[in-house]
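One structure is given here, and the rest of the page talks about it.
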Amino acid sequence: MTILVKQFSSASIINLFGIGLALCIQILVLPSITNTEEYGMYRWIERTGALFANILVLGLHRTYVKFHSDSTLNKSEFDNAIFARTTAIIIGTLLILTVVPWGLNQFYPLPYFRTEYYSIGTISVGGIAFLLSTRIASTKGKLQIPLFQQNIVLRITLLLATILVFNGVINFTQMVLIYGWAFLLLGTISLIRSWYRTNTTWNVSALGKPLLPKIKAYTKFTIFGSSVDIILATIDVQMLMFLTGFSSVGIYGLAFFFASALDSIKRPLSQILAPKFSTYWNVSDIQSLNKLNHKSAVIQTIITASIFIILTTNIEWIFSFIPGGERFNESIPVIQILIIGRLISSFFGSNGELISTSPFFKMNVHITITVLVLTVLFNLIAIPTLGIKGVAISNVITLLLLNSFRSTFLFYKSEIIPFNISSIFYVIFISTLLLFLLTNLDINGVFRFAITIALIITTLILFKNHIIKLL
């Protein structure tokens, strides 16, 4: 078993446990202690924290991955440069987004400022720390440690906080604040552990030393590129909040949670592959890039198609466990729309990491900006007319355009293509057949769920040899 497979296997196990905890929190606990508006606020704060984290990290996570294997660099000087800048960003972000607003609000109370908003700062700082720690750890083959802290320990902390709210020990506001500070603490610990595995000498004075011209040039575009990427990824919930309100965000947020569960499978794979892509680009090994991206697409497509079938055929049964689940019934068709987008995206492999670590990283910025402008226009039309379904349809169109533009460009420049027509045909045909069988099955509840799992496992076993050939 290769190191890559070992990393992905262990990361997948951690993510499965993390998804289980998240399901428990999002389905069983949070709906029982919040109304749709509070739930929407929590989801908005979480997504806004991610937005700030990805912007304020200033592209340093991608810069580290891009140049970690560059043999022309002094490793210690490079690590110190990234370390010093990361430390300054974390301190500055915490001051600007949490400490300063808190101080100002003590003297100039703002009528629309909610106490929960302080958590945006701590979640942002924790997000910056986790972004850096996962990227650094992925270059050292130790991705499991930060993943465990972010997906397991952090979610256990949130689960305990929600239980305290349920029992009346603390209130919703205190829960959100506890979650924010836990995010900050665990992210910082994870980042410190990751830095111990590098060549840094913990030299903060390296902040005053200029970066090499090629690193500076890449970082400038990466700052802008990362910012546009995360704005594109969060524009749906931001526009929905401003055009409708927190209640709609709550309904959409639950639907998006199910879609993001699919992303949590893809994310560690992309983080593992990014350093490999960077290394292959540095030595112009196009054949290895093509092969690795193709494997990525196959793995993502199989996993996403399996979860797509499970959710599509069992979503109403899953919703029956949600306390007051009828409040969130609007989420069901939205979930089905969003996961179609994730299935389409899986066909294209890890092209985001592939193009961002390539010599064509500038083109990635142009592509993302183009898609972002189109997405804003789609949302301005779709949200007022179709509401929550409209923003979900816009999300699917965004994923289709972004992946199509990136893959077309990579094929044009380097003849890299993540899939072949026969692979897509097999997936669509088998998925459609399974969906037809399961939707016409006159059984509901846990028995339908069990049969769904059994059919998927049986299908994977029957087509095992074909899947191996694809890999």
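Keep in mind that this is a model prediction, so the values were computed, not measured. Side chains included, hydrogens not; waters and symmetry mates left out as well; all remaining heavy atoms used.
- No side-chain heavy atom of Arg43 sits under 4.5 Å from any side-chain heavy atom of Met241.
- In this structure, Phe319 has its ring center at least 6.0 angstrom away from the ring center of Phe328.
- With Ser358 contributing its side chain and Ile355 its backbone, the two residues share a donor-acceptor pair below 3.5 Å.
- The side-chain heavy atoms of Ser350 and Gln300, taken from C-beta on, include a pair separated by under 4.5 Å.
- Crowding of Phe257 atom CZ: a count of heavy atoms from other residues, nucleotides or ligands under 6.0 Å exceeding 12.
- For Arg47 and Phe256, the positive end sits near the middle of the six-membered ring, less than 6.0 Å away and at most 45° from its axis.
- Side chain of Ser394 to backbone of Gly390: no donor-acceptor contact under 3.5 angstrom is found.
- No more than 12 heavy atoms of other residues, nucleotides or ligands shown are found within 6.0 angstrom of CZ on Arg193.
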Q | Stepwise side chain to side chain donor-acceptor pair (under 3.5 Å) check, Asn403 with Ser345 | A | CA-CA 7 Å; Asn403 284 290; Ser345 182; 3.3 Å; yes
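- Contact of the Thr313 side chain with the Phe449 side chain is not registered, since no non-hydrogen atoms from C-beta on lie closer than 4.5 Å.
- Ile251 places none of its side-chain heavy atoms less than 4.5 Å from the side chain of Ser248.
- Note: Tyr42 and Phe172 fail the aromatic proximity criterion, with ring centroids not under 6.0 Å apart.
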Test Thr93 against Ser124 for side chain to side chain donor-acceptor pair (under 3.5 Å), laying out the working first. CA-CA 8 Å; Thr93 301; Ser124 299; over 6 Å; no
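- Residues Tyr117 and Trp44 place their aromatic rings such that the two centres sit under 6.0 Å apart.
- Counted by atom type alone, Thr48 and Gln238 present one or more donor-acceptor pairs between their side chains at under 3.5 Å.
- Between Ile309 and Ser431, some side-chain heavy-atom pair lies under the 4.5 Å cut-off.
- Side chains of Val391 and Asn395 form no contact here, defined as non-hydrogen atoms less than 4.5 Å apart.
- Taking CD1 from Ile369 and CG from Asn364, the interatomic distance works out to 10.0 Å, rounded to the nearest 0.5 Å.
- Contact between Ala161 and Ile178 at its shortest, heavy atoms only, is CB-CG2, 4.4 Å.
- Between Phe183 and Tyr179, a ring centre-to-centre spacing shorter than 6.0 Å is recorded.
- Considering Leu455, Asn314, Ile310 in turn, Leu455 is the only one that fulfils the side-chain contact (heavy atoms from CB on, under 4.5 Å) rule with Leu438.
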- Item | Evaluation steps, side chain to side chain donor-acceptor pair (under 3.5 Å), between Thr173 and Glu116 | CA-CA 6 Å; Thr173 299; Glu116 293 91 340; 2.8 Å; yes
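- In this structure, the separation between CG on Leu243 and CD1 on Ile383 is 5.0 Å, given to the nearest 0.5 Å.
- Contact of the Pro333 side chain with the Lys389 side chain is registered, since non-hydrogen atoms from C-beta on lie closer than 4.5 Å.
- Between Asp229 and Arg406, at least one side-chain N (NZ, or NE/NH1/NH2) sits under 4.0 Å from a carboxylate O, which counts as a salt bridge.
- In this structure, Leu254 CG and Ile335 CD1 are separated by 5.5 Å, a value rounded to the nearest 0.5 Å.
- Note that CZ of Arg135 is 13.0 Å distant from OH of Tyr64, once rounded to the nearest 0.5 Å.
- Counting heavy atoms from C-beta outward, Thr34 and Met175 have side chains that stay 4.5 Å or more apart.
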